[in-house]
Engineer: 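Here it is: the structure, laid out below.
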Amino acid sequence: MDGVLVKQIFQEPGLYLNKPIKVSGWVRTLRVSKSFGFIELNDGSFFKKLQVVFDETLSNFQQLTKILISTALIVEGELVESPGAKQPWELKAKRIEIEGLSAPDYPLQKKRHSLEYLRTIAHLRPRSNTFSAVFRIRSLAAYAIHRFFHERNFVYVHTPIITGSDCEGAGEMFRVSTLDLEKLPRDREGKIDFSKDFFGKEANLTVSGQLEAETFCMAFRNVYTFGPTFRAENSNTPRHAAEFWMVEPEIAFADLQDDMVLAEEMLKYILTYCLENAPEEMEFFNQFIDQGLLKRLDNVITSDFGQLTYTEAIELLKKSDQSFTYPVEWGVDLQTEHERYLTEQVFKKPIFVTDYPKDIKAFYMRLNDDNRTVAAMDLLVPGVGEIIGGSQREERIALLEQRLDEMGLAHEDYWWYLDLRKYGGTKHAGFGLGFERAIMYLTGITNIRDVIPFPRTVNFAEF
RNA sequence: UCCUCGAUAGCUCAAUGGUAGAGCACUCGGCUGUUAACCGAGUGGUUGUUGGUUCGAGCCCAACUCGGGGAGCCA
């Protein structure tokens, strides 16, 4: 491939202007007259399109006037300044080779489509403006996350996708099994005999890499995981998927404050990186998806996140003149309407809510001195809701065992997790970032199905 | 899983219980600088499925399927 990328042309036009170049790409739209025509060519390298001008001097002009949207072309010609208002330059074609024809029933049109319709053609939707922008941002954000952690000497850990511990404690899991569902092996009590299964025990897809990440944290100090996560919950909302990606850092010799500083820096880093490296895509979202997006993101980057304790949040909600469907009371978890009120009405920016009652949080969260709250934090952002959930972990083995007992969990299921506290345990903390929720926040897209290339949700695993 | 709204041409949408329409796409024709190009003509439908009410159902009723929004669960 000896041609030039459209991205290179836009980045350094001086190198190519008034010179012969060769580009290849797909027709996004075309307009033809009797003796000439215009093609807007997208080559995949860049959000913007290159306008190609062609006329009847081309040997295949007649055929070119008949091509359809999404035809693949290789174009040779000269890059010249454009008299048109919408583009600084254009490619005056001397030769256009048709690489692959398209068909009249191509489902994507020049005009705007609904996101719901595009979801039904997930194999073609990355060719649309919106999804081209979404998935380039998704790629950049993933890279930004790796960059952020590597700049800070974090080690990237690949925690297992298949987990043998049925005790990760976060929701319904997908079972992994090779047993014949038509004739399941039974033990003497008539229960399914998982010792006959592939792993010799029950196995599931992971719902979190946290417990395993903690083991590496106690060796490498600062680590993170970044990979797919699975929840078999029957939840049908724009914010939930059965398969999604999660970023889970875990830091040693660190407390909840350190954890929140890390979370805030990370989120700001991702936003900044995408704004700097994909300005065209971000501008597109600001124009067509969410008009207040850039202003809001800029506000997030330049201001400190809010912080309040759960107890303070309850007081605030009780004092507010807002009428809530669900009554507010210390000890019950915050409802979506409460979270929205706090982050969208009161603070109007991301806020950390900390120190939740221990009874509504997981066993591994560190007990506070008041004996009734734990060192947990949720980061709530306007529009998306909970984007990060984290905590300082309970490093005191006696208290951890006590919490296991209180929650009716068997010590032997957590033997290696408890060992971490036995052999030089330190205070440590971590959090989980819902990657897709971050992308939603970053792009203004309000349905998680539209930030995943091929989303898996209840009743849907097409493509 | 619950509440609620919806499903009409390939797409986006119209249509008092009385012959199913428009724009775009597509096909054909016109047009020498277009920008979701423009102008003219044409093709395109078992109105999500099944059943019911009615002389007559896209429209009313029921169930189901799928989709949107809200809730729960959470990231």
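Order of the sequence lines fixes the chain letters, A, B, ..., with proteins taken first and strands second; residue numbering starts at 1 for each chain. Everything numeric in this text was worked out from a predicted model, so none of it was measured.
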Engineer: Expressed as a whole number of Å, how far does the P atom of B:G10 sit from that of B:U16?
Structural biologist: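 Their P atoms lie roughly 22 Å apart.
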Engineer: CD of A:E339 versus C1' of B:A71: gap in Å, rounded?
Structural biologist: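 It is 13 Å, rounded to the nearest whole Å.
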Engineer: With sequence neighbours excluded, what pairs up with A:E337 under the salt bridge (charged side-chain N to carboxylate O under 4.0 Å, His left out) test?
Structural biologist: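 Residues passing salt bridge (charged side-chain N to carboxylate O under 4.0 Å, His left out) with A:E337: none at all.
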Engineer: In residues 239-252 of chain A, which ones come under 4.0 Å of RNA chain B, going by heavy atoms?
Structural biologist: A:R239, A:H240, A:A241, A:F244, A:M246
Engineer: Evaluate whether atom CD of A:E406 has more than 12 neighbouring non-hydrogen atoms of other residues, nucleotides or ligands under 6.0 angstrom away.
Structural biologist: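 For A:E406, atom CD is crowded (more than 12 foreign heavy atoms under 6.0 Å).
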Engineer: Considering residues, nucleotides and ligands other than A:E329, do more than 12 of their heavy atoms fall under 6.0 Å from its CD?
Structural biologist: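 Not more than 12 within 6.0 Å, no.
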Engineer: Checking A:T163 against A:N204 for the side chain to side chain donor-acceptor pair (under 3.5 Å) test, could you report, in this order, the C-alpha distance in whole Å, the side-chain angles of both residues, the deciding distance, and whether it holds?
Structural biologist: CA-CA 5 Å; A:T163 173; A:N204 294 285; over 6 Å; no
Engineer: Once side-chain hydrogen bond (donor to acceptor under 3.5 Å, both in side chains) is applied, do any residues pair with A:K268, and if so which ones, sequence neighbours excluded?
Structural biologist: A:E264
Engineer: P atom, B:U65 versus B:C39: distance in rounded Å?
Structural biologist: 46 Å
Engineer: Going by distance alone, is a donor N or O of one side chain under 3.5 Å from an acceptor N or O of the other, for A:W330 and A:T311?
Structural biologist: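 Result is yes, a qualifying pair exists.
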Engineer: Describe the nucleic acid contact of A:P83 in one word from base, sugar-phosphate, nothing, applying a heavy-atom distance below 4.0 Å.
Structural biologist: base
Engineer: So which of A:H150, A:E151, A:R152 actually passes side chain to side chain contact (heavy atoms under 4.5 Å, CB included) with A:F148?
Structural biologist: A:R152
Engineer: Verify whether one side chain among A:S391 and A:R393 offers a donor that lies under 3.5 Å from an acceptor in the other.
Structural biologist: yes
Engineer: Which residue pairs pass the ring-ring contact (aromatic ring centres under 6.0 Å, His included) test with at least one member in residues 428-453 of chain A, sequence neighbours excluded?
Structural biologist: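 Found A:F226-A:F435.
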Engineer: Between B:C59 and B:A7, how many Å separate the two C1' atoms, rounded to a whole number?
Structural biologist: 14 Å
Engineer: Can you tell me how far C1' of B:A71 sits from CG of A:L334, to the nearest Å?
Structural biologist: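 Result: 16 Å.
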Engineer: What integer distance in Å separates A:L30:CG from B:C38:C1'?
Structural biologist: 14 Å
Engineer: Ignoring backbone atoms, establish whether A:K86 has a side-chain N or O less than 4.0 Å from OP1 or OP2 of B:A36.
Structural biologist: yes
Engineer: Wobble G-U and Watson-Crick pairs count when both distances are under 3.5 Å; given that, what is the 5' to 3' dot-bracket string of RNA chain B, with | for pairing to other strands?
Structural biologist: (((((((..((((....[..)))).(((((.......))))).....(((((..]....))))))))))))....
Engineer: Answer yes or no: side-chain N or O of A:R31 and base N or O of B:C31 forming a donor-acceptor pair under 3.5 Å.
Structural biologist: no
Engineer: When rounded to the nearest Å, what value does the distance between P atoms of B:U27 and B:G33 take?
Structural biologist: 24 Å
Engineer: Name the pairs: protein N/O against N/O of nucleotides 44-50 of chain B, kept only if under 3.5 Å.
Structural biologist:
none

Engineer: Counting only side-chain N and O atoms of A:Q51, is one of them less than 4.0 Å from OP1 or OP2 of B:U35?
Structural biologist: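 For B:U35, neither OP1 nor OP2 has a side-chain N or O of A:Q51 closer than 4.0 Å.
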Engineer: Starting at CD of A:Q109 and ending at C1' of B:C13, how long is that distance when rounded to a whole Å?
Structural biologist: 13 Å
Engineer: I'd like to check the side chain to side chain contact (heavy atoms under 4.5 Å, CB included) partners of A:Q345; sequence neighbours left out, ordered by chain and number.
Structural biologist: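 Testing A:Q345 for side chain to side chain contact (heavy atoms under 4.5 Å, CB included), a comparison that skips the adjacent residues, returns A:Y341.
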Engineer: With rounding to whole Å, what would you report as the distance between B:C11 and B:C3 at their C1' atoms?
Structural biologist: 31 Å
Engineer: Mind checking A:Y326 for me? I need base, sugar-phosphate or nothing, with any heavy atom below 4.0 Å counting as a touch.
Structural biologist: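 Sugar-phosphate only.
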Engineer: Sort and list the pairs that fulfil ring-ring contact (aromatic ring centres under 6.0 Å, His included) and have at least one residue in residues 72-108 of chain A, not counting sequence neighbours.
Structural biologist: A:F10-A:W89
Engineer: Name the orientation class of the two ring planes belonging to A:F61 and A:F54 (parallel below 30°, tilted from 30 to 60°, perpendicular beyond 60°).
Structural biologist: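 A:F61 and A:F54: tilted rings.
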Engineer: Could you state the atom-to-atom distance from CD1 of A:I145 to C1' of B:A75 in whole Å?
Structural biologist: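 In whole Å, B:A75 C1' and A:I145 CD1 are 13 Å from each other.
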Engineer: Please state whether the rings of A:Y273 and A:Y269 are parallel, tilted or perpendicular, taking 30° and 60° as the class boundaries.
Structural biologist: parallel
Engineer: Mind checking the C1' distance from B:G48 to B:A22? Whole angstroms is fine.
Structural biologist: 22 Å
Engineer: Going by distance alone, is a donor N or O of one side chain under 3.5 Å from an acceptor N or O of the other, for A:Y364 and A:E214?
Structural biologist: no
Engineer: Give one of base, sugar-phosphate or nothing for A:L68, where a contact means two heavy atoms less than 4.0 Å apart.
Structural biologist: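 Result for A:L68 = sugar-phosphate.
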Engineer: Should A:R28 and A:E40 be marked as a salt bridge (Lys or Arg N to Asp or Glu O under 4.0 Å) after you check the CA-CA gap, both sets of side-chain angles, and the distance that decides it?
Structural biologist: CA-CA 6 Å; A:R28 277 294 179 81; A:E40 285 185 36; over 6 Å; no
Engineer: Check this one for me: any side-chain N or O of A:T336 less than 4.0 Å away from OP1 or OP2 of B:G72?
Structural biologist: yes
Engineer: Where each residue is assigned the nucleotide of RNA chain B containing its nearest heavy atom, which of A:K34 and A:P104 is assigned the position nearer the 5′ end?
Structural biologist: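 Counting from the 5' end, the first nearest nucleotide belongs to A:P104.
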Engineer: On the side chain of A:Q335, is there an atom forming a donor-acceptor pair with the base of B:G72 - under 3.5 Å, no angle test?
Structural biologist: no
Engineer: The criterion is salt bridge (charged side-chain N to carboxylate O under 4.0 Å, His left out); which residues satisfy it with A:R239, sequence neighbours excluded?
Structural biologist: none
Engineer: With a 4.0 Å cutoff (strictly under), does any side-chain N or O of A:T29 reach OP1 or OP2 of B:A37?
Structural biologist: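 Answer yes for this pair, as a side-chain N or O of A:T29 is under 4.0 Å from OP1 or OP2.
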Engineer: What is the distance, rounded to the nearest whole Å, between atom CD1 of A:I67 and atom P of B:U27?
Structural biologist: 12 Å
Engineer: Under 4.0 Å, heavy atoms only, any strand: does A:G432 hit a base, just the sugar-phosphate, or nothing?
Structural biologist: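 Counting heavy atoms under 4.0 Å across all strands, the contact made by A:G432 is with sugar-phosphate only.
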Engineer: Under 4.0 Å from OP1 or OP2 of B:U35: is there any side-chain N or O of A:K110 that close?
Structural biologist: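 Checking A:K110 against B:U35: no side-chain N or O falls below 4.0 Å of OP1 or OP2.
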Engineer: Among residues 36-45 of chain A, which contact RNA chain B at a heavy-atom distance under 4.0 Å?
Structural biologist: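 Contacting residues: A:F36, A:F38.
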Engineer: Taking the six-membered ring of A:F363 as reference, does the NZ or CZ atom of A:R403 fall below 6.0 Å from its centre and within a 45° cone about the axis?
Structural biologist: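 Judged by the rule (NZ or CZ under 6.0 Å from the ring centre, within 45° of its axis), A:R403 is not positioned above A:F363.
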Engineer: Using a 4.0 Å heavy-atom cut-off across all strands, classify A:E436 as base, sugar-phosphate, or nothing.
Structural biologist: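 Counting heavy atoms under 4.0 Å across all strands, no contact is made by A:E436.
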Engineer: Just by distance, with hydrogens left out, do A:E99 and A:S24 show a side-chain donor and acceptor under 3.5 Å apart?
Structural biologist: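 Per modelled atom types, A:E99 and A:S24 side chains form no pair under 3.5 Å.
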Engineer: Would you say the side chains of A:N60 and A:R95 form a donor-acceptor pair under 3.5 Å?
Structural biologist: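 Their side chains do not contain a donor-acceptor pair, so the 3.5 Å distance test is not met.
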Engineer: Need one value for A:I387: base, sugar-phosphate or nothing, where a base atom within 4.0 Å counts as base even if backbone is also close, heavy atoms only.
Structural biologist: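 Sugar-phosphate: the residue A:I387, judged by heavy atoms under 4.0 Å, touches backbone atoms but no base.
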Engineer: Could you tell me the separation between the CG atom of A:D378 and the P atom of B:C73, rounded to a whole number of Å?
Structural biologist: 12 Å
Engineer: What protein N or O atoms touch nucleotides 1-3 of chain B N or O atoms at under 3.5 angstrom, if any, and at what distances?
Structural biologist:
from : atom 1 : to     : atom 2 : distance (Å)
B:U1 : OP1    : A:N234 : ND2    : 2.8
B:U1 : O4     : A:N236 : N      : 3.4

Engineer: Set out, in order, the CA-CA distance, both residues' side-chain angles and the distance that settles ring-ring contact (aromatic ring centres under 6.0 Å, His included) for A:H158 and A:Y156, then state yes or no.
Structural biologist: CA-CA 7 Å; A:H158 293 133; A:Y156 177 33; 4.4 Å; yes
Engineer: Which residues in residues 112-129 of chain A have at least one heavy atom lying under 4.0 Å from any atom of RNA chain B?
Structural biologist: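 Going residue by residue through residues 112-129 of chain A, the ones with a heavy atom under 4.0 Å of RNA chain B turn out to be A:R112, A:H113, A:S114, A:E116, A:Y117, A:R119.
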Engineer: Could you check whether the rings of A:F460 and A:F463 sit parallel, tilted or perpendicular, using 30° and 60° as the cut-offs?
Structural biologist: tilted
